[in-house]
Amino acid sequence: MPQLTVLDVKQAKAAAKPYRLYDEKGMYLEVSPAGGKLWRLKYRVDGREKRLALGSFPDTSLAEARARRDEARKQIQAGVDPGAQRQEAKRQQIEAARAATTFEAVTREWMAHEHAKIAEVTAAKNRWLFEAFLFPEIGHMPLVAITPRILLDALRKIEATGKQETARRAKIKAGQVFRWAILEGKAEADPTAALRGTIKRVKHKHHAAITDPMKIGQLLRDIDSFTGQPVTHAALKLAPLVFVRPGELRGAEWSELDLDGAVWRIPGARMKMKVDHLVPLSSQAVTILSDLQLLTGRGRYVFPSLRGASRHMSENAVNIALRGLGYDGDTMTGHGFRAMASSRLNEMGWDERAIECQLAHAEPNEVKGAYNYAAKYLDIRKKMMQAWADYLHTLKAGASKLYSMKREQQADVITPSKGHYIKEDNGKPGFAHNEPSRVVSILDGALPIDQQNVTNSTVTQAEPVRVVSLERMLPRNKPWLRK
């Protein structure tokens, strides 16, 4: 049989019906009515005639088609069906593609992408949520195969165990994965969109906190009486003074602290918003940390675990200590010190922006430069943190009344080191300037005042406040506080 030439192939014209131009060894060119030219190989396996596509002309030349034919014939001689082998390769390729787009595979890609932006504790909670509840049910399924009904069934199983809030969060996280997959071209729809309202929201319960001044004073006295581990005791005493998040407190490292400069620099990697945070340290906080440094200063962590200095204090250490003092989870928590400070400082008239900044409640448009944000309102925050510490010491001493003034009279911050409005023991109003041994009792409703603008006429109209010696206020069994 004569072989085809390149000219024969080029000159082949379309006809009303498909026709073939044969080459040799079972190969031929099939010309379709539309003008397409396809290379084919006719062969037999186990007595059955089969055909194998070798490519199309001109993408596949005559020489390339013959080379593919010869390779296929070698496989046939070796007992391999080239057509069946090609189908198996395609099947494996499809399975590999399906495996790469299963819910678990895509979710792990999403976690690798998103977890670089969030705190490790949050990332750990996300992993737990997926691995414990969603992967066992739908992790093996391709995203395109997960319908709203399938996802709802998985969520209902979580609800059935009494974990309604977990089911709601699982739906939210699944939706985040699907929406990210759509942007990445791995999915076409988000099944959670059809599930709106199917998982009822549990009424949110805020972290328990004590905000009443008298009760705060009692709490601080109870903390002073704590007889547990010294490291835990130090964490309890420091928590109300710095009011950082519990995870930020227990993970504190000595390398972050500048006791001489009275500042704690928490790196963004440990913060919820991934932004560096500065915590001005009051003299009371510095004293607590200086004493603790003698005990744990040689290690990495300020509050090391009892199980070894290579890890920090456990997540529940502070809460367990509070329980031991008689404060259950509905009364006070480690996180509650933040609400305590926020509530009291706002009522005392401090700049709300400074308070929010100190709480590290970053607004999205403010998280621009890590250092710029960390240092925002720093001067007023330094004054505020010292005044807050003085206020807590006053409450702990058992004061029962608060001096207050009209808000229009407030303009500056008065701390023990700057001077306080006082009523001297002889009954005459005045100022005690730079007398750290005298402090005013700051109680419920106290507001910062401008010592420069307060006159004797203003003072005589205000409620008298008895001067209490700092030496008399401080506990006798805490001599280090008298320094």
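As the structure is a computational prediction, the values presented were derived from the model and not from experiment.
Taking 4.0 Å as the cut-off between side-chain N and carboxylate O, Glu104 and Arg108 count as a salt-bridged pair. Checked for salt-bridge contact, Asp153 and Lys157 miss the test: no charged N lies under 4.0 Å from a carboxylate O. Salt-bridge annotation for Glu253 and Arg300: present, with a side-chain N of the basic residue lying under 4.0 Å from a carboxylate O of the acidic one. The pair Lys396-Asp224 meets the salt-bridge criterion, since a charged nitrogen lies less than 4.0 angstrom from a carboxylate oxygen. Look at Arg270 and Glu248 and you find no salt bridge, because none of the NZ, NE, NH1 or NH2 atoms lies under 4.0 Å from a carboxylate O. Ion pairing between a basic and an acidic side chain is recognised when a charged N comes within 4.0 Å of a carboxylate O; Glu165 and Arg168 show such pairing. Taking a cutoff of 4.0 Å between a charged side-chain nitrogen and a carboxylate oxygen, Lys173 and Glu114 do not qualify as a salt bridge.
Panel note: side chain Ser343, backbone Ala339; no donor-acceptor pair is recorded below 3.5 Å. With hydrogens and angles disregarded, no donor-acceptor distance shorter than 3.5 Å links the side chain of Asp276 to the backbone of Pro267. For the pair His277 (side chain) and Gln358 (backbone), a donor-acceptor distance under 3.5 Å is present. Checking side-chain atoms of Arg221 against main-chain N and O of Leu395 turns up a donor-acceptor pair under 3.5 Å. Remark: the backbone N or O of Val263 is not paired with any side-chain donor or acceptor of Asp258 at under 3.5 angstrom. For the pair Ser290 (side chain) and Val286 (backbone), a donor-acceptor distance under 3.5 Å is present.
Pairs engaging residues 303-330 under the ring-ring contact (aromatic ring centres under 6.0 Å, His included) rule: Tyr301-His312 [sequence neighbours left out].
Side-chain contact annotation: Ser225 with Asp222, donor-acceptor N/O pair under 3.5 Å absent. A donor-acceptor contact closer than 3.5 angstrom links the side chains of Thr192 and Asp190.
Heavy atoms of other residues, nucleotides or ligands lying less than 6.0 angstrom from CZ of Arg156 number more than 12.
Classified by interplanar angle (parallel below 30°, tilted 30° to 60°, perpendicular above 60°), the ring pair Phe103/Phe178 is tilted. Classification of the Trp110-His115 ring pair by plane angle, with boundaries at 30° and 60°, yields perpendicular. Between Trp180 and His113, the angle of the ring planes lies from 30° to 60°, which puts this pair in the tilted group.
Scanning for side chain to side chain donor-acceptor pair (under 3.5 Å) contacts around Arg86 gives an empty result, with sequence neighbours left out. Partners of Thr296 under the side chain to side chain donor-acceptor pair (under 3.5 Å) rule, at least two apart in sequence or in another chain, are Trp254.
Minimum interatomic distance between Leu155 and Leu195 (heavy atoms only, all atoms of both residues): CD1-CD1, 4.1 Å.
Looking at Phe130 and Met111, their side chains come closer than 4.5 Å, going by heavy atoms from C-beta outward.
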